[in-house]
Amino acid sequence: MEILRHAHGRLHWRDGHAPPPAHPRFDSPHDTEAHYCVKRDTAWSGYRGHVTESCDEERTELVVHVATTHSTVQDVEMAPIIHDDLAKRELPPGEHVVDSGYVTPAHIERAARAHGITPLGAVVRDNSRRAKDSSGIAESAFPADWDRQQATYPHGTVSRQRRPLRISGHDYIQVKFATADCLDKPVRPQCTTSGTRPRALALRLTRELHEIQMRNRLDQTATKWQRRYAIRAGIEATLPAERPRPRPAPLPPSRSGHFRALCTATA
């Protein structure tokens with residue numbers, strides 16, 4: 001399928017080493033909406049299902065929502081859609097337990113503001129070398145001023161440059177310190193691995209989103225948080241992966257608003 005490509009205004013045969021992106025490409029003439037996808041160690045051609053079930057400890061588990069998408073639609077795109085659908089069916093939970101693929105600070109803020117839902121999921125950690133090194137100066141050590149769009153070095157120096165930044169579909173404000181300020185710091189080895197460039201930080205667009213990110217990163221290291229999150233264990237086994245287009249059974253009206261906690265996973 002899709003064995004021709006455009007180059008310099010002409011069509012050429014593909015050589016097998018430069019396939020088109022998965023989203024426009026289809027793998028079978030019998031189902032042109034089935035696309036190839038890879039998630040961690042699993043590769044497949046087909047669809048992606050998002051299964052949401054109740055996970056109140058004292059009640060029977062019940063599937064309340066299923067969304068089927070192209071396999072190339074990422075989990076992070078589905079959280080707001082799932083929340084809106086649950087609200088339309090009068091089933092918004094107090095708590096929505098998801099894996100890290102579904103949760104961002106922006107999704108946490110929107111869920112609380114739009115539907116009163118508290119997502120419980122691991123926000124992506126600061127995986128920089130400085131954060132992993134106990135002697136390094138991590139991003140959390142730099143106080144930020146969103147009115148001026150500046151960050152302050154722990155020793156008092158203020159950032160000098162700022163510009164919009166987009167990483168993996170998310171918007172940030174990048175702030176940089178002056179090269180001279182960074183070179184003169186005795187703790188430079190703990191601040192940056194570059195020998196010539198200054199320290200740069202990617203800040204969330206608002207103070208609220210930054211505080212949500214910092215608070216959740218701290219909370220998810222606590223034993224209490226981890227014990228609560230453990231209720232999500234086993235959700236991936238709710239439906240077998242070979243069911244390509246599952247549909248949830250309608251719930252009786254008496255169930256509406258009945259769930260304190262729901263869990264979602266990709267099936």
Kindly indicate whether the side chain of [X], heavy atoms from C-beta on, has any atom under 4.5 Å from the side chain of [Y].
{"X": "Val63", "Y": "Val51", "result": "yes"}
{"X": "Ile82", "Y": "Thr264", "result": "yes"}
{"X": "Asp219", "Y": "Thr221", "result": "no"}
{"X": "Asp145", "Y": "Arg148", "result": "yes"}
{"X": "Val64", "Y": "Glu53", "result": "no"}
{"X": "Phe177", "Y": "Val158", "result": "no"}
{"X": "Val76", "Y": "Thr104", "result": "yes"}
{"X": "Pro80", "Y": "Arg110", "result": "yes"}

Shortest non-hydrogen contact from [X] toward [Y]:
{"X": "Leu203", "Y": "Glu139", "answer": "CD2-OE2, 4.5 Å"}
{"X": "Cys263", "Y": "Ile231", "answer": "SG-O, 4.2 Å"}
{"X": "Ala122", "Y": "Ser100", "answer": "O-CB, 3.0 Å"}
{"X": "Trp44", "Y": "Val38", "answer": "CZ3-C, 4.4 Å"}
{"X": "Ala87", "Y": "Pro92", "answer": "CA-CD, 4.2 Å"}
{"X": "Tyr47", "Y": "Thr68", "answer": "CB-CG2, 4.0 Å"}

So does [Y] get a backbone contact from the side chain of [X], meaning a donor-acceptor N/O pair under 3.5 Å?
{"X": "Gln174", "Y": "Tyr172", "value": "no"}
{"X": "Ser54", "Y": "Leu62", "value": "yes"}
{"X": "Gln226", "Y": "Gln220", "value": "yes"}

Spacing of [atom1] belonging to [X] relative to [atom2] belonging to [Y], to within rounding of 0.5 Å:
{"X": "Thr52", "Y": "Leu91", "atom1": "OG1", "atom2": "CG", "value": "10.5 Å"}
{"X": "Ser159", "Y": "Phe142", "atom1": "OG", "atom2": "CZ", "value": "10.0 Å"}
{"X": "Gln149", "Y": "Gln161", "atom1": "CD", "atom2": "CD", "value": "13.5 Å"}

In this structure, would [X] and [Y] fall into the same cluster of hydrophobic residues linked by side-chain contacts under 4.5 Å?
{"X": "Trp146", "Y": "Ile212", "answer": "no"}
{"X": "Val73", "Y": "Val103", "answer": "yes"}
{"X": "Val123", "Y": "Met214", "answer": "no"}
{"X": "Ile81", "Y": "Ile108", "answer": "yes"}

Exercise for the section: Using only heavy-atom distances, determine whether the side chains of Tyr229 and Asp99 contain a donor-acceptor pair under 3.5 Å. Expected result: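 Side-chain D/A pair, Tyr229 to Asp99: absent.
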Practice task
I would like to know whether His107 and His83 meet side-chain contact (heavy atoms from CB on, under 4.5 Å); could you show each step before the answer?
Solution key: CA-CA 10 Å; His107 288 162; His83 291 160; 5.9 Å; no
Exercise for the section: Could you list all the side-chain hydrogen bond (donor to acceptor under 3.5 Å, both in side chains) pairs where at least one residue sits in residues 207-217, not counting sequence neighbours? Expected result: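 Every side-chain hydrogen bond (donor to acceptor under 3.5 Å, both in side chains) pair that includes a residue of residues 207-217, provided the two are not neighbours, is Arg204-Gln213.
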Practice task
Kindly say whether the aromatic ring centers of His96 and Tyr102 come within a distance under 6.0 Å.
Solution key: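 No; Tyr102 has its ring centre 6.0 Å or more from that of His96.
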Handout entry: Aromatic plane relationship, His70 with His35 - under 30° parallel, 30 to 60° tilted, over 60° perpendicular
Key =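 Geometry flag for His70 against His35: perpendicular rings.
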Handout entry: side-chain contact (heavy atoms from CB on, under 4.5 Å) assessment of Thr69 paired with His50
Key = CA-CA 8 Å; Thr69 69; His50 305 267; 3.8 Å; yes
Problem - salt_bridge(Asp75, Arg48) N-O dist < 4.0 Å - result: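 Here Asp75 pairs with Arg48 in a salt bridge, since their nearest N and O are under 4.0 Å apart.
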Sequence neighbours left out, cut at 3.5 Å: what donor-acceptor pairs do the side chains of residues 111-120 make with other protein atoms?
{"unit_1": "Arg113", "atom_1": "NE", "unit_2": "Glu109", "atom_2": "OE2", "d": "2.7"}
{"unit_1": "Arg113", "atom_1": "NH2", "unit_2": "Glu109", "atom_2": "OE1", "d": "3.2"}
{"unit_1": "His115", "atom_1": "NE2", "unit_2": "Asp84", "atom_2": "OD1", "d": "2.8"}

